2 protein chains.
Amino acid sequence: MRGRTLILRNTGLFEGIEDDEMDTMLKCLGAFTRRYAKDEFLFRRGDRTDCLGVILSGNVLEIREDWWGNRTVLADVGKGQAICTDYACTSDVLDISIVSTMPTEVMYLDVGRAANVCNSSCEFHNRLVKNLMRSLARMSLGMNRRLDQLSKRSTREKVCAFLSDQARAAGSSDFIIGMNRQEMADYLGVDRSAMSTELGKMQRDGILEFQRNHFVLK
Amino acid sequence: MRGRTLILRNTGLFEGIEDDEMDTMLKCLGAFTRRYAKDEFLFRRGDRTDCLGVILSGNVLEIREDWWGNRTVLADVGKGQAICTDYACTSDVLDISIVSTMPTEVMYLDVGRAANVCNSSCEFHNRLVKNLMRSLARMSLGMNRRLDQLSKRSTREKVCAFLSDQARAAGSSDFIIGMNRQEMADYLGVDRSAMSTELGKMQRDGILEFQRNHFVLK
DNA sequence: ATCAAAACGTTGTTTTAACAACGGATACGA
DNA sequence: TCGTATCCGTTGTTAAAACAACGTTTTGAT
């Protein structure tokens, strides 16, 4: 149970809650774990759930399928990350499917119970609710920034928005990014070589300087 | 106060809470209102707030500015809609500014208080917390869908993703959309005429049919 | 120190989308 | 009913991004 505690902490849901309170909390949340084989569906489009899941081990993919059956991998979720948080909070029907890519163990926590003050001595309940809200809000803020980047029309605009956010996150106009060019291009939905060319132009235009992953905005 | 009640209900935060309980709730949330003139800043980048705001009257814009000063209007927020929900929940510094476009009245609610069980008889507290979480999660789901659309490379893929979502929302492959072509194109970040051409091709390819705003996916 | 693989930037070519302009259809008010 | 404004689709043109291929630099393991 010690290993699990560490993984659960990674989700940010249990910040401010002592280790020795965790077991109580988990009971209070109706926690249970489930194992999946490789290539097993955890959820299919159309399902509902009141529980969010924390990946204890293994790996899953979130997949969306459009009307004509075209599939998109929305996210690659690994150890210590959560799934279904949004759906559990809204009680909405899932419009995605979730499938394992390897043997996977998931701990489920009932969100409905989290939002109800339980009868027992859960003075940490408020804390958990705040953590959950903060987690939801953080996701939302992150997506907002991503939307701002992706909604830009040109490669240059996307790059500008992306680098501005990186600079703000780093707290400086002089910073290092944790992605290589290919990852950055995929993230922005553009071609790697086209982006490389654009970065070159921007440097020549004098609005930034860079070598490899080290950028300075001007 | 009656008019306000109706507007506040529109936010979805007070679902399941009776009208005569509202005033108690509002006190409990430290509610207060503030008026702004036209072109006044409600918040500037770098500010913090513990309160979400509900627009009682008027209109505001959410604006993001990148490192080089390029401005983007992220959202146009009107009566009955909320601002700063995410920032209030995370206590993060705002990375956007919010400015009024006309005389505007805003009611602020302290999110921190919402997540704490108060001493008085607020049995509706849990309800409010659930509503707030649901609201956050709904925003998140909506943004996820939008991201799925915008992250597509080609116009056709974007249109496919968009129409699939519309169909799912309508619960049928035969549906009517509430946007005109220009709005739809802006939403997907593409050119209107290019999109129109693409829609024509898709119809010729037999994967959908449409007249005006009436679509049928095949 | 050497080698192989990965990462990056550059160039030329092809494909795609943006842009501009226009005509027909539709909606709406006078 | 007429006239006007809006909406929509189409076409030809221009601009931009994707694509493919390649040489250099960097990285990391042996």
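So you know, we letter chains A, B, ... as the sequences are listed, proteins then strands, and number each from 1. Note that this is a predicted model, so its numbers are computed, not measured.
- Not a single donor-acceptor contact under 3.5 angstrom links the side-chain atoms of B:Arg212 to the base of D:dG9.
- Each of A:Arg153 and A:Ser193 lies near DNA chain C, and the nucleotide nearest A:Ser193 is the one positioned closer to the 5' end.
- Side-chain contact check for B:Leu8 versus B:Leu26: some heavy-atom pair is nearer than 4.5 Å.
- If you measure from atom CE of A:Met202 to atom C1' of C:dG9, you get 16 Å, rounded to the nearest angstrom.
- Residue contacts shown for A:Ser154 are limited to sugar-phosphate atoms, with no base heavy atom under 4.0 Å away.
- The cationic group of B:Arg146 lies under 6.0 Å from the six-membered ring centre of B:Tyr187 and within 45° of the ring axis, placing it in a cation-pi geometry.
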Original post:
A:Arg127 and A:Glu18: salt bridge (Lys or Arg N to Asp or Glu O under 4.0 Å), yes or no, with the steps?
Top reply: CA-CA 11 Å; A:Arg127 190 75 210 201; A:Glu18 300 301 323; over 6 Å; no
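- A close approach under 4.0 Å does not occur between any side-chain nitrogen or oxygen of B:Asn213 and OP1 or OP2 of D:dC7.
- Taking the nucleotide of DNA chain D with the nearest heavy atom to each of A:Lys158 and A:Arg192, the more 5' of the two is matched to A:Lys158.
- Contact annotation for B:Ser196: base contact, defined as any heavy-atom pair under 4.0 Å involving a base atom.
- Between A:Glu198 atom CD and D:dA15 atom P there is a gap of 16 Å when expressed in whole angstrom units.
- In this structure, the CG atom of A:Asp191 is 16 Å from the P atom of C:dT14, given to the nearest Å.
- Rounded to whole Å, the distance from CZ on B:Phe210 to C1' on D:dC8 is 9 Å.
- Side-chain contact between A:Cys84 and A:Leu94: present, with at least one pair of heavy atoms (C-beta onward) separated by less than 4.5 Å.
- The side chain of B:Thr155 has C:dA18 as its nearest neighbour among D:dA21, D:dA18, C:dA18.
- The side chain of A:Arg181 places an N or O atom within less than 4.0 Å of a non-bridging phosphate oxygen (OP1 or OP2) of C:dG9.
- Rounding to whole angstrom units, NE2 of residue A:His214 and C1' of C:dA7 are separated by 18 Å.
- Following rounding to the nearest Å, A:Met184 (CE) and C:dA6 (C1') show an atom-to-atom distance of 18 Å.
- Computed from coordinates, the B:Leu199 CG to C:dA17 C1' distance equals 14 Å when rounded to whole Å.
- Taking all atoms of both residues into account, the shortest heavy-atom contact from B:Ser100 to B:Ala37 is OG-O, 2.6 Å.
- An OP1 or OP2 oxygen of D:dT26 is reached within less than 4.0 angstrom by no side-chain nitrogen or oxygen of A:Asn180.
- Computed from coordinates, the A:Arg156 CZ to D:dA15 C1' distance equals 15 Å when rounded to whole Å.
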